[in-house]
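The block underneath contains the structure these notes are about, expressed in structure tokens.
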Amino acid sequence: MTEAATPAKPGFIPPREPLYDWGLRVTVVEDLLNDGSHPQSAPGALLAPRGTPGVIVRVGHTEEGNLPVYLVELPGGTVVGCLEEEITPSDGSRRNVPGVMA
């Protein structure tokens, strides 16, 4: 059996391509609250209010669903994991958005 004909593992979800690249300046579009991943802040504490600027410093994927997750460095050096719906490019562009020509 060739590699192309090898069936996918049961339950495997291939990673979705990210819309944004690292180095992109972004703006937070909704308040970001601590989900428990920042031990220096209380769970539920506000990490960044809507409108906070940042820069994508790394792009990865969630374990569940294989969705893109962006590590965004905010003012003061705080790094927060964000989903695509939580950030938008600061310059207003919509690069790499399916169905939108840039």
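Keep in mind it's a predicted model, so treat the numbers as computed, not measured.
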Identify each donor-acceptor pair in which a side-chain atom of residues 37-51 lies under 3.5 Å from a protein atom, sequence neighbours left out, and give them as a table.
from	atom 1	to	atom 2	distance (Å)
Ser37	OG	Asp35	OD1	2.6
His38	ND1	Gln40	NE2	3.4
His38	NE2	Val79	O	3.2

Show me, pair by pair, the donor-acceptor contacts under 3.5 angstrom made by side chains of residues 54-62, not counting sequence neighbours?
from	atom 1	to	atom 2	distance (Å)
His61	NE2	Arg16	O	3.0
Thr62	OG1	Glu64	O	2.7
Thr62	OG1	Leu67	N	3.0

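Inter-residue side-chain proximity for Leu71 and Val80 is flagged as unmet; no heavy-atom pair is nearer than 4.5 Å. Taking 4.5 Å as the limit, some side-chain heavy atom of Leu74 sits within range of a side-chain heavy atom of Val28. By the 4.5 Å heavy-atom criterion applied to side chains, Cys82 and Leu32 are counted as neighbours.
Between Tyr20 atom OH and Glu84 atom CD the span is 6.5 Å, to the nearest 0.5 Å.
Contact record, Pro53 with Pro75: O-CD, 3.2 Å, taken as the closest heavy-atom pair. Here the closest non-hydrogen pair linking Pro18 and Pro68 is CA-CG, 3.6 Å.
Under the rule for a salt bridge (charged side-chain N to carboxylate O under 4.0 Å, His left out), Glu30 has no partner lying at least two apart in sequence or in another chain.
Using a 4.5 Å cut-off between side-chain heavy atoms of Ile, Leu, Val, Met, Phe, Trp and Tyr, with links allowed through other members, Val72 and Leu19 fall into the same hydrophobic cluster. A single hydrophobic cluster is not seen to contain both Ile87 and Leu83; linkage of ILVMFWY side chains at heavy-atom distances under 4.5 Å, directly or through other members, places them apart.
For the residue pair Thr27 / Ser90, a side-chain donor-acceptor distance below 3.5 Å is found, with atom types taken as modelled.
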